[in-house]
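Have a look at the structure below, then the notes.
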Amino acid sequence: MSAALERGFYDRATVEVARAMLGTHLVHAGSTGERVGRIVETEAYIGPQDQASHSRRGVTPRTRIMFGPPGHAYIYLIYGRYHCMNVVTEAAGHGAAVLIRALEPVSNLDGRTNGPGLLCLAMDLDRRLNGEDLTGERLFLRAPPLPGRISIARGPRIGVDYAGAWARRHLRFYLRGNPFVSKG
DNA sequence: TGCACGATGAAC
DNA sequence: TTCATCGTGCAC
């Protein structure tokens with residue numbers, strides 16, 4: 001019994017998932033205890049047509065997980081030193097995911113969590129968990145114990161200037177006014 | 001003179 | 001992506 005959000009949560013339009021993830025808890029149940037952070041910032045990468053998405057060049061060894069079934073972790077190494085954690089969305093073969101950009105610490109998190117690389121460090125997430133099933137017991141999302149009203153703001157995604165018009169689309173979502181949202 | 005902030009480059 | 005460094009410009 002892990003109380004993980006079920007697969008259906010991920011099996012729908014990526015933008016919808018990106019918004020629904022805000023306020024939920026990301027849980028990594030590792031050997032050192034349960035690390036938990038509240039998701040306060042996400043970015044939607046909606047498919048191969050999205051020029052900012054890794055899936056734009058189709059299935060490769062790296063993007064294989066992205067094209068797999070929804071509700072799995074896509075974790076990759078960026079710039080040789082940081083990891084980024086995404087959740088796969090929509091039906092298998094679609095090639096979409098949501099990047100988790102910032103967390104508000106809830107329990108057992110050391111260090112900063114206001115950026116995709118930093119939060120992976122604090123949550124102890126790396127490529128060993130690439131492909132992990134998020135409906136399992138090791139790594140998953142769960143509903144917060146005290147769901148409250150939230151105000152969602154949106155804007156352009158960070159660090160995707162190469163993607164032309166896609167870089168300007170408002171596919172980044174965050175909790176308005178939350179101090180743990182990344183600076184970019 | 002010194003601080004804050006933006007631009008820049010390096011890390012693999 | 002993140003950090004350290006360097007430069008500009010403003011304030012004191």
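Proteins get letters first, then strands, A, B, ... in listed order; numbering begins at 1 in each. None of the values given here were measured: they were computed from a predicted structure.
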[X]: side chain to side chain donor-acceptor pair (under 3.5 Å) partners, not counting sequence neighbours:
X	value
A:Asp133	A:Arg7, A:Thr135
A:His83	none
A:Arg128	A:Asp126

Distances for protein N or O near nucleotides 9-12 of chain B N or O, under 3.5 Å:
| residue | atom | partner | partner atom | Å |
| --- | --- | --- | --- | --- |
| B:dA11 | N3 | A:Arg81 | NE | 3.4 |

Set of residues satisfying ring-ring contact (aromatic ring centres under 6.0 Å, His included) with respect to [X], sequence neighbours excluded:
X	answer
A:Phe9	none
A:Tyr10	none
A:His25	none

- Which part of the nucleic acid, if any, lies within reach of A:Ile158 when heavy atoms closer than 4.0 Å are counted: base, sugar-phosphate only, or nothing?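 Since only primed, P, OP1 and OP2 atoms lie under 4.0 Å of A:Ile158, the category is sugar-phosphate.
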Test of understanding: with side-chain contact (heavy atoms from CB on, under 4.5 Å), list the residues that count as partners of [X], not counting sequence neighbours.
X	answer
A:Ala29	none
A:Pro156	A:His170
A:Arg19	A:Val15, A:Ile152, A:Arg154, A:Phe173

- For DNA chain C, find the residues of residues 162-178 of chain A with a heavy-atom distance under 4.0 Å and give them by number; none if there aren't any. none
- Walk along DNA chain C from 5' to 3' and tell me the first and last nucleotide with an atom closer than 4.0 Å to a non-hydrogen atom of chain A.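 The footprint of chain A covers C:dT1 to C:dC3.
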- Message: Which residue is it: A:His28, A:His72, A:Arg138? I am looking for the one with a side-chain hydrogen bond (donor to acceptor under 3.5 Å, both in side chains) to A:Glu132.
- Response: A:Arg138
